[in-house]
Amino acid sequence: MNKYDTLNEKQREACFCTEGPLLLLAGAGSGKTRVLTHRIAYILENNLAKPWEIMAITFTNKASKEMAERVESLLGECSQVFVSTFHSACMRFLRRDIDKLGFSKSFTIYDTTDSKKVIKDIVKNNNLDKQAYKEAAVLSEISKAKNLLMSPDDYYNAYASEHRKRKIAEIYEQYQKELKKNNALDFGDLLYYMVKLFESEPDVLAHYQNKFKYILVDEYQDTNMIQFKIVNMLAKKHKNLCVVGDDDQSIYKFRGADITNILSFEKYYPSARVIKLEQNYRSTKNILDAANAVIKGNTYRKAKRLWTENPVGEKISFYNLPDEKQEARVIVELVGANLQAGYKYKDQSVLYRTNAQSRVIEERLFNQGIPYKILGGTNFYQRKEIKDFIAYLRLINEPKDDVAFDRIINYPKRGIGASTVNQVKDYAIKHEMSLFEVLEMIDEIDEFTDRNKKKLGEFAELIRTFAEEAKGMDSLEDFAADIVDRVGFYDELHKEKDKAEEKIANVRELIGKFKEYDDTAEEISLTGFLEDIALISDVDGYDEDADYVTLMTLHSAKGLEFPLVYMPGMEDGLFPSYMSINEGDEQVEEERRLCYVGITRAQEKLVMLSVKNRFLNGNTSYNPVSRFIEEIPDELLDVKSAKRSAQSYSARQKVKERKPTPYKSYYKAAKKDVKPAKEIDLKVGDFVMHKKYEVGEILEIRPAGADYELSVNFTSVGLKKIMANLSGVKKIDF
DNA sequence: GACATATCTAAAGCC
DNA sequence: TAGATATGTC
């Protein structure tokens with residue numbers, strides 16, 4: 001028996017069909033990763049290609065790593081297959097040849113925050129209305145354009161009749177100029193310039209075309225036009241292109257994913273073979289039936305029906321609860337119950353539509369002392385203190401990086417205020433220089449006061465010294481620790497009242513990552529490290545061995561599986577979201593696919609929850625149960641009543657049951673209607689809530705000048721006075 | 001002009 | 001809730 005005997009017939013067919021274009025339609029849980037890895041092994045074992053002549057594109061770095069490992073374990077040896085994401089592959093190719101496009105090879109990669117900053121400055125400098133040209137919206141237009149391979153000119157011409165789009169085209173143009181000046185690329189540029197480079201340098205393209213004899217693309221349903229183009233360019237010579245995907249799992253339209261890439265693969269490659277993998281090995285029958293029932297609601301899809309030989313399993317539990325706190329409570333109770341039943345924490349995962357939903361659940365898990373990990377949200381590398389520190393490394397690595405410069409020129413505070421910085425910026429714009437270049441010659445510029453010259457000169461000197469040291473560096477950890485010391489990073493964080501300890505701990509953790517890098521990297525370089533972290537995705541932080549409950553968005557969960565899945569927030573308006581409902585059927589279909597992805601993550605048990613009143617993002621919404629729940633046949637659902645689950649109340653929770661009015665609502669209500677405070681429904685005897693845990697009873701309300709003074713007896717801290725007026729709560733003495 | 005504090009505003013999904 | 005902006009103080 002050889003390794004291929006463990007595959008089913010269809011899987012084997014896909015595995016051995018190595019020559020020519022192949023479309024592999026692989027339903028959820030149908031073992032496509034197994035097929036891909038076996039296919040690579042087969043190609044290698046039969047000497048059809050050398051390892052480095054195979055390119056496999058995955059969706060996340062984590063998936064790349066896994067695939068490489070699995071190929072290695074199949075072959076029992078270290079292989080050098082080129083497994084990478086689109087973005088990392090392009091980054092690596094561009095590192096080699098980007099000088100041909102006028103960038104230098106030490107280019108920086110800007111993340112969304114950096115990009116927004118650049119756009120914001122452009123909008124400001126052009127005296128445009130910042131409300132009409134919000135950074136996020138403009139950036140999304142720009143990246144859409146890039147994903148369609150449209151230059152600023154193309155974009156301008158395509159939308160010449162629309163005023164707003166003409167303006168955006170202008171911003172786009174300046175944005176590209178600014179990035180080039182900073183020697184920086186954003187995420188979209190990695191792909192965009194890749195195509196540009198291939199187009200303008202046929203030799204470079206030919207090199208890769210010759211090199212990669214076999215190309216595999218995973219999660220093909222989520223590729224966009226430009227990625228399709230890159231794949232086509234690379235596969236043009238050998239045409240051994242195998243794409244794997246499931247149109248029902250296409251969930252990234254918002255970032256340009258083009259579902260037609262998969263739906264019309266056969267049109268582009270008329271000779272393409274199509275193989276469908278429809279047997280699911282992951283989920284129980286009930287779970288799969290529910291998934292099939294939901295996805296049936298979509299019209300634009302390839303006909304297929306997943307089936308399984310797995311047991312029927314339990315019905316899908318559905319809870320409709322009063323509010324998000326109850327929802328969190330039920331989830332956490334079930335986590336505990338399932339732990340008793342023999343499941344581990346790591347077998348259980350909470351998947352939600354929006355990151356904001358994680359907070360309540362996190363609080364509850366935290367309260368109950370259950371180990372958990374939240375993926376995404378504020379990514380570790382997005383935290384302010386981390387970004388600030390990384391900005392030092394970025395500026396040291398590439399002094400032209402104006403965004404990094406701007407972050408740290410006065411952080412930690414060194415007496416260089418906003419107006420001085422603006423002066424530097426004005427000078428830089430006038431003379432077309434980078435900010436750091438201005439500093440390099442600050443002594444010769446008369447406009448600056450002696451004091452500022454000194455301060456700015458000192459900063460420039462500091463960065464120069466570090467850059468000098470970076471050259472001969474053999475430990476990034478030591479280097480970073482040195483920067484922290486000399487810059488006084490911890491001292492600065494100590495001064496910040498809010499979560500100073502946590503921030504310092506984060507920076508220490510970062511230093512720990514430098515150590516890790518020192519230990520694992522083949523060659524230690526600043527560029528190398530910055531490269532590694534620039535393209536990290538949320539799921540890259542997921543560790544399936546560690547025993548904790550995992551919380552993440554449905555988007556992040558793609559490609560993962562868990563014995564137990566909880567899906568909170570099954571409400572129309574949240575999932576599917578208002579936006580998608582307003583935008584029409586096509587958007588709702590995308591949400592439906594997202595729901596399908598969620599359901600099919602579950603192997604054994606699936607719990608779905610919705611609530612009647614949800615307090616989210618500062619206001620309460622009353623949403624009906626999600627249409628996706630309605631689409632699941634009754635016989636598959638086990639509708640649980642809220643009361644039954646609410647057995648184990650502690651005394652403290654009973655207090656909470658009396659529905660304390662959050663201050664926030666009070667504030668809102670008072671402000672919206674501008675009613676006299678008396679008419680606001682806060683009265684003596686009501687319970688109010690402060691922040692997360694403090695619940696208290698109002699003992700007295702009395703006028704105090706224009707304001708009101710409330711005496712509140714808090715359960716934990718006792719009697720406190722709270723000042724309130726028409727515009728809300730003024731002061732809380734804790 | 002730098003820094004501290006008060007006030008306002010807006011909120012999806014991701015490499 | 002946080003981040004940006006407006007206002008106040010030295």
Side-chain angles (χ1 to χ4, degrees), chain A residues 57-64 84-91 109-113 115-117 120 124 130-131 134-136 139-140 143 146-147 185-191 219 222-224 226-227 251-257 351-357 359 375-379 381-384 410 413-423 449 451-452 455 495-499 533-540 552-558 569 573-580 583 587 590-591 593-594 597-598 615-619 664 667 671 691-692 727-728 730-731:
Chain A
I57 299 286
T58 60
F59 203 67
T60 62
N61 294 305
K62 183 173 174 290
S64 296
S84 166
T85 65
F86 271 108
H87 286 89
S88 327
C90 291
M91 179 180 69
I109 295 169
Y110 276 7
D111 68 14
T112 314
T113 319
S115 299
K116 281 187 192 159
K117 177 97 187 28
K120 197 173 177 185
K124 204 195 233 160
K130 63 182 175 188
Q131 283 300 320
K134 287 186 198 147
E135 308 97 83
L139 181 62
S140 129
S143 42
K146 280 181 191 166
N147 285 335
L185 272 65
D186 69 13
F187 294 131
D189 286 336
L190 290 170
L191 307 177
E219 306 288 4
D222 282 320
T223 53
N224 58 32
I226 196 163
Q227 291 166 332
I251 54 173
Y252 281 99
K253 189 151 188 283
F254 69 90
R255 72 175 202 209
L351 310 179
Y352 36 76
R353 178 69 245 267
T354 64
N355 278 311
Q357 287 167 253
R359 252 200 54 216
L375 301 185
T378 15
N379 181 311
Y381 289 100
Q382 300 284 32
R383 288 165 199 261
K384 185 181 176 299
N410 197 32
K413 304 248 163 60
R414 45 174 75 86
I416 303 171
S419 43
T420 311
V421 175
N422 279 332
Q423 230 182 322
T449 63
R451 175 186 175 278
N452 285 339
K455 296 259 179 212
K495 282 186 216 148
E496 290 175 26
K497 288 161 266 176
D498 211 30
K499 298 183 184 161
I533 62 169
L535 298 176
I536 282 180
S537 71
D538 290 338
V539 280
D540 292 338
M552 71 184 98
T553 62
L554 288 155
H555 279 92
S556 298
K558 192 175 70 162
L574 181 62
F575 190 31
S577 71
Y578 277 123
M579 288 185 198
S580 62
E583 282 166 28
Q587 284 305 316
E590 172 131 332
E591 301 266 312
R593 290 192 291 270
L594 189 57
V597 167
F615 183 70
L616 194 69
N617 296 338
N619 48 37
K664 199 84 180 187
Y667 176 89
K671 205 169 177 196
K691 290 195 179 155
K692 332 177 201 182
S727 65
K730 282 193 98 177
K731 201 171 159 219

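Lettering of chains follows the sequences in order, A, B, ..., and the numbering in each one begins at 1. The figures that follow rest on heavy atoms only: side chains count, while hydrogens, waters and symmetry mates do not.
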Enquirer: OP1 or OP2 of B:dC15 versus the side-chain N and O atoms of A:S537: is any pair under 4.0 Å?
Expert: yes
Enquirer: What pair of heavy atoms forms the shortest contact from A:R255 to A:N147, and how long is it?
Expert: O-ND2, 3.2 Å
Enquirer: Between A:I57 (CD1) and B:dC15 (C1'), how many Å, whole number?
Expert: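 Rounding to the nearest Å, CD1 of A:I57 and C1' of B:dC15 are 13 Å apart.
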Enquirer: B:dC15, C:dT5, B:dG13: which one has an atom nearest the side-chain heavy atoms of A:Q587?
Expert: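 So the side chain of A:Q587 is nearest to B:dG13.
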Enquirer: In Å and rounded to the nearest 0.5 Å, what is the CZ to CG distance from A:F86 to A:L191?
Expert: 8.0 Å
Enquirer: Check the distance between B:dA2's C1' and A:R414's CZ and give it to me in whole angstrom.
Expert: 14 Å
Enquirer: Could you give the CD1-to-P distance, from A:I251 to B:dA12, as a whole number of Å?
Expert: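 My rounded result for the distance is 17 Å.
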Enquirer: Using atom NZ of A:K130 as one end and atom C1' of C:dT5 as the other, report the distance to the nearest whole Å.
Expert: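 Rounded to the whole Å, the gap is 7 Å.
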Enquirer: Between B:dA12, B:dA11, B:dC15, spot the one nearest the side chain of A:K134, thanks.
Expert: B:dA11
Enquirer: Which distance, rounded to the nearest 0.5 Å, do you find between the CZ of A:R353 and the OG of A:S577?
Expert: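 Here the rounded value is 5.5 Å.
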Enquirer: What contact category does A:Q131 fall into here, base, sugar-phosphate, or nothing, at under 4.0 angstrom with non-hydrogen atoms?
Expert: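 Sugar-phosphate contact only - A:Q131 comes under 4.0 Å of backbone atoms but never of a base.
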Enquirer: Given atom CG of A:D186 and atom P of B:dC14, what is their separation to the nearest angstrom?
Expert: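 A:D186 atom CG is separated from B:dC14 atom P by 18 Å.
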Enquirer: Decide, yes or no, whether a salt bridge links A:D222 with A:K253 under the criterion of side-chain N to carboxylate O below 4.0 Å.
Expert: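 A:K253 and A:D222: not salt-bridged.
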Enquirer: In whole Å, what is the span from the CD atom of A:E590 to the P atom of B:dC14?
Expert: 13 Å
Enquirer: Determine yes or no for a side-chain-to-main-chain donor-acceptor pair under 3.5 angstrom, with A:N224 supplying the side chain and A:Q227 the backbone.
Expert: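 Yes, the answer is positive, given that a donor and an acceptor are paired below the 3.5 Å cut-off.
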Enquirer: So, is A:N355 close to the B:dC14 phosphate, meaning a side-chain N or O under 4.0 Å from OP1 or OP2?
Expert: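 For B:dC14, OP1 or OP2 has a side-chain N or O of A:N355 closer than 4.0 Å.
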Enquirer: Indicate, with a heavy-atom threshold strictly under 4.0 Å, whether A:F86 touches base, sugar-phosphate, or nothing.
Expert: nothing
Enquirer: Is the phosphate of B:dC14 approached by A:T553 (side-chain N or O, under 4.0 Å from OP1 or OP2)?
Expert: yes
Enquirer: Does the structure show A:F254 stacking with B:dA12, if we require the centres to be closer than 5.5 Å and the planes to be within less than 30 degrees of parallel?
Expert: no
Enquirer: Are any of A:S556's side-chain N or O atoms less than 4.0 Å away from OP1 or OP2 of B:dC14?
Expert: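 Checking B:dC14 against A:S556, a side-chain N or O does come within under 4.0 Å of OP1 or OP2.
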Enquirer: Any salt bridge linking A:E135 with A:K130? Criterion: basic side-chain nitrogen under 4.0 Å from a carboxylate oxygen.
Expert: no
Enquirer: Looking at A:L594 and A:H555, what are the two nearest heavy atoms and their distance?
Expert: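 Answer, listing the atom of A:L594 first, then A:H555: CD2-CE1, 3.5 Å.
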Enquirer: Touch check for A:A418, heavy atoms < 4.0 angstrom, all strands: base, sugar-phosphate only, or nothing?
Expert: sugar-phosphate
Enquirer: Rounded to whole angstroms, how far apart are NZ on A:K117 and P on C:dG3?
Expert: 15 Å
Enquirer: Which comes earlier along DNA chain B counting from the 5' end, the contact point of A:R255 or that of A:G417, where each point is its nearest nucleotide?
Expert: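 In this pair, the answer is A:G417.
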Enquirer: Under 4.0 Å, counting only non-hydrogen atoms across every strand here, what does A:D538 touch: a base, just sugar-phosphate, or nothing?
Expert: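 Sugar-phosphate: the residue A:D538, judged by heavy atoms under 4.0 Å, touches backbone atoms but no base.
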Enquirer: Counting side-chain heavy atoms from C-beta on, which of C:dT1, B:dG1, B:dC14 comes nearest to A:T420?
Expert: B:dG1
Enquirer: Less than 4.0 angstrom between a side-chain N/O of A:K120 and OP1 or OP2 of C:dT5, yes or no?
Expert: yes
Enquirer: Is the phosphate of B:dC15 approached by A:N224 (side-chain N or O, under 4.0 Å from OP1 or OP2)?
Expert: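 No, no such contact exists.
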Enquirer: Want to settle it: does A:L535 or A:R451 sit nearer the 5' end of DNA chain B, counting the closest nucleotide to each?
Expert: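 Final value for this comparison: A:R451.
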Enquirer: Please determine whether a side-chain nitrogen or oxygen atom of A:K413 lies at a distance below 4.0 Å from atom OP1 or OP2 of B:dA4.
Expert: yes
Enquirer: Which of the following nucleotides, B:dA2, C:dT1, B:dA4, is nearest to the side chain of A:S419?
Expert: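 Of the candidates, B:dA2 comes closest.
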Enquirer: Return the nearest nucleotide to the side chain of A:E583; candidates are B:dA11, B:dC14, B:dA12.
Expert: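 When the side chain of A:E583 is considered, B:dA12 is the closest of B:dA11, B:dC14, B:dA12.
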Enquirer: Grab the CG-C1' distance between A:L574 and B:dG13 for me, whole Å please.
Expert: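 Spelled out: CG on A:L574 to C1' on B:dG13 is 12 Å.
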